[in-house]
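What follows is a short report on a single structure.
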2 protein chains.
Amino acid sequence: MRLTTKGRYAVTAMLDLALHCDEGPVSLADISARQGISLSYLEQLFARLRYFKLVKSVRGPGGGYRLMGSTTDISIAQVVDAVSESLDATRCEGKGNCHEGEVCLTHHLWEDLSAQIHQFLSDITLADLVARNDIQSVRKRQDLRVVSSHNDETHIAISEIL
Amino acid sequence: MRLTTKGRYAVTAMLDLALHCDEGPVSLADISARQGISLSYLEQLFARLRYFKLVKSVRGPGGGYRLMGSTTDISIAQVVDAVSESLDATRCEGKGNCHEGEVCLTHHLWEDLSAQIHQFLSDITLADLVARNDIQSVRKRQDLRVVSSHNDETHIAISEIL
DNA sequence: GCCAATTCCGAGTATTTTACTCAAGTATTC
DNA sequence: GAATACTTGAGTAAAATACTCGGAATTGGC
């Protein structure tokens with residue numbers, strides 16, 4: 001599990017895709033313009049997202065990308081994993097050259113820690129983010145003087161989602 | 001919040017330090033030998049750890065590094081933050097050049113997500129890892145036929161820690 | 001059938017980060 | 001004063017990041 005700006009770009013792009021998925025296929029040019037990510041870079045990211053079957057492409061004019069499946073099925077961890085390959089960063093990969101098991105101890109420890117973060121991000125889906133996004137939109141509109149008094153089911157505690 | 005191999009190296013080194021902190025100052029040469037991390041690289045990492053007041057140095061023969069404070073006071077997040085500077089990876093840093101707030105939405109969203117991971121790692125201290133490490137050590141020794149029957153208070157459920 | 005939009009694909013590249021080497025200097029203990 | 005170990009700084013090779021560019025393939029609309 002690696003957490004870099006690359007994964008951040010991918011999550012942002014996927015979220016943009018999720019926000020506009022009901023308007024037909026979304027072109028990378030649109031995402032590029034909206035999110036300020038280079039088109040060619042998006043192409044590379046989506047090549048991996050496609051390879052991992054998180055999105056499907058529609059070629060030709062009016063084409064673009066669609067989510068493969070529902071937003072409730074795609075987790076943040078999947079997106080991050082798709083674009084950033086996992087690496088080991090240890091010399092001892094089960095080769096048994098650790099003195100007294102110490103190296104392996106910290107090694108496994110970090111792996112477990114990494115797995116925990118992975119699990120954490122696996123529990124958050126695009127749908128969760130979209131829902132939360134809606135809340136922020138509502139909030140923004142409320143800040144702009146429009147006070148609506150109906151957010152009963154859309155009012156989900158943020159702390160419950162994230 | 002960035003999660004790369006650099007932070008992993010730092011956590012491993014700090015954990016090694018925590019494991020041997022009761023034997024006086026720990027030299028980087030020892031950590032280097034035990035954990036297989038280059039001495040010069042450790043020097044760079046510990047320069048930052050020192051700057052962030054996570055460790056203190058003891059110069060001269062028999063010197064090395066000590067933890068600044070107790071293992072219960074140092075979280076994984078602190079260690080990771082110390083060695084990896086945070087970056088933004090967005091063009092709009094509050095400059096207001098986001099159309100209709102969309103960019104800022106995903107932007108803030110990711111920041112909150114990152115903050116959640118940060119909080120997650122803030123809740124895990126070196127002491128937690130040492131305790132967990134002891135458990136594994138005990139297990140290893142048990143595998144080696146030495147069965148000790150005293151782990152009453154050191155026996156903390158792993159799932160409770162991580 | 002042609003054209004334009006769009007995905008696809010590969011090569012190349014500048015910048016940054018990573019992980020490390022080397023060398024000199026400083027403080028401390030024995 | 002010599003050995004130990006931190007401290008500092010310069011430099012560097014490899015990898016990852018974040019693109020650019022050029023072109024090819026696909027397809028909807030005219």
Side-chain angles (χ1 to χ4, degrees), chain A residues 1-13 17 20 23-33 35-52 54-68 80 82-91, chain B residues 1-13 17 20 23-33 35-52 54-68 80 82-91:
Chain A
M1 190 72 191
R2 198 149 37 138
L3 215 56
T4 64
T5 55
K6 196 174 189 176
R8 177 166 169 168
Y9 277 127
V11 171
T12 299
L17 191 53
H20 299 89
E23 310 161 8
V26 181
S27 74
L28 293 189
D30 288 351
I31 301 180
S32 173
Q35 305 300 335
I37 309 172
S38 145
L39 177 60
S40 303
Y41 196 39
L42 280 176
E43 285 173 357
Q44 288 181 26
L45 295 179
F46 274 78
R48 306 209 55 156
L49 294 172
R50 194 171 77 98
Y51 177 79
F52 280 86
L54 296 178
V55 298
K56 60 185 170 188
S57 63
V58 180
R59 301 179 79 156
Y65 283 94
R66 286 180 182 279
L67 292 179
M68 195 91 159
V80 173
V83 298
S84 62
E85 62 263 57
S86 64
L87 42 82
D88 43 15
T90 41
R91 44 156 191 193
Chain B
M1 190 72 192
R2 199 150 33 142
L3 214 57
T4 64
T5 56
K6 195 174 189 176
R8 177 165 169 170
Y9 278 125
V11 171
T12 300
L17 190 54
H20 299 90
E23 311 160 8
V26 180
S27 75
L28 293 188
D30 287 351
I31 300 180
S32 173
Q35 305 300 335
I37 308 172
S38 143
L39 177 60
S40 302
Y41 197 39
L42 281 176
E43 285 170 356
Q44 288 181 27
L45 295 180
F46 274 77
R48 304 209 57 158
L49 294 172
R50 194 171 78 99
Y51 177 79
F52 281 84
L54 297 179
V55 298
K56 60 185 169 187
S57 63
V58 180
R59 302 178 81 151
Y65 282 94
R66 286 179 182 280
L67 292 178
M68 197 89 160
V80 173
V83 297
S84 64
E85 60 262 58
S86 64
L87 42 84
D88 44 14
T90 41
R91 46 163 189 188

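In the text below, chain A, chain B and the rest are named by the order of the sequence lines, each starting its count at 1. Fair warning: this is a prediction, and the values are worked out from it, not measured in the lab.
Counting non-hydrogen atoms under 4.0 angstrom, A:Ser57 reaches the backbone sugars and phosphates but no base. Backbone-only engagement by B:Tyr65 is indicated by non-hydrogen atom pairs under 4.0 Å involving sugar-phosphate atoms exclusively. Counting non-hydrogen atoms under 4.0 angstrom, A:Leu28 reaches the backbone sugars and phosphates but no base.
Contact annotation: A:Ser84 does not reach the phosphate of D:dA16 (side-chain N/O to OP1 or OP2, under 4.0 Å). Neither OP1 nor OP2 of D:dA16 sits under 4.0 Å from any side-chain N or O of A:Thr4. One finds no side-chain N or O of A:Ser27 lying less than 4.0 angstrom from the OP1 or OP2 phosphate oxygen of C:dA5. Taking 4.0 angstrom as the limit, A:Tyr41 places none of its side-chain polar atoms (N or O) nearer than this to OP1 or OP2 of D:dC19.
Here the CG-CD1 distance, from A:Leu17 to A:Ile31, works out to 5.0 Å after rounding to the nearest 0.5 Å.
A distance-only check finds a donor-acceptor pair linking the side chain of A:Thr4 to the backbone of A:Lys6 [under 3.5 Å]. Judged by distance alone, the side chain of A:Ser27 and the main-chain N or O of A:Asp30 form a donor-acceptor pair under 3.5 Å. No donor-acceptor distance shorter than 3.5 angstrom exists from the side chain of B:Ser32 to the backbone of B:Ser38, with no hydrogens or angles considered. Counting only distance, with no hydrogens or angles, the side chain of B:Arg66 and the backbone of B:Lys56 share no donor-acceptor pair below 3.5 Å.
Counting to the nearest Å, the P atom of C:dC9 and the CG atom of A:Leu45 are 15 Å from each other. A straight line from OH of B:Tyr9 to P of D:dA15 spans 13 Å, rounded to a whole angstrom. B:Leu42 places its CG atom 16 Å from the C1' atom of D:dT8, with the value rounded to the nearest Å. In this structure, CZ of B:Arg50 is placed 8 Å from C1' of D:dC6, rounded to the nearest angstrom. Straight-line distance from the CZ atom of A:Arg66 to the C1' atom of C:dT6: 14 Å, rounded to whole Å. Atom CZ of B:Arg8 is separated from atom C1' of C:dA19 by 15 Å (rounded to the nearest Å). As rounded to whole Å, 13 Å separates atom C1' of D:dT17 from atom CD1 of A:Ile37. Look at CZ on B:Phe46: it is 12 Å from C1' on D:dC6, rounded to the nearest Å.
The side chain of B:Lys6 lies closest to C:dA19, out of C:dA19, C:dA27, D:dT8. Comparing D:dT20, D:dT7, C:dT17 by their nearest atom to the side chain of B:Glu43 picks out D:dT7.
With DNA chain D read from its 5' end, the first of the two nearest nucleotides for A:Val58 and A:Gln44 is the one closest to A:Gln44. Residue whose closest nucleotide on DNA chain D sits further toward the 5' end, between A:Arg59 and B:Gly64: B:Gly64. Closest-nucleotide positions on DNA chain C for B:Val83 and B:Gly60 were compared, and the one nearer the 5' end corresponds to B:Val83. With DNA chain C read from its 5' end, the first of the two nearest nucleotides for B:Pro61 and B:Ser38 is the one closest to B:Ser38.
Using a 30° and 60° split on the angle between ring planes, B:Tyr41 and B:Tyr9 fall in the perpendicular class, above 60°.
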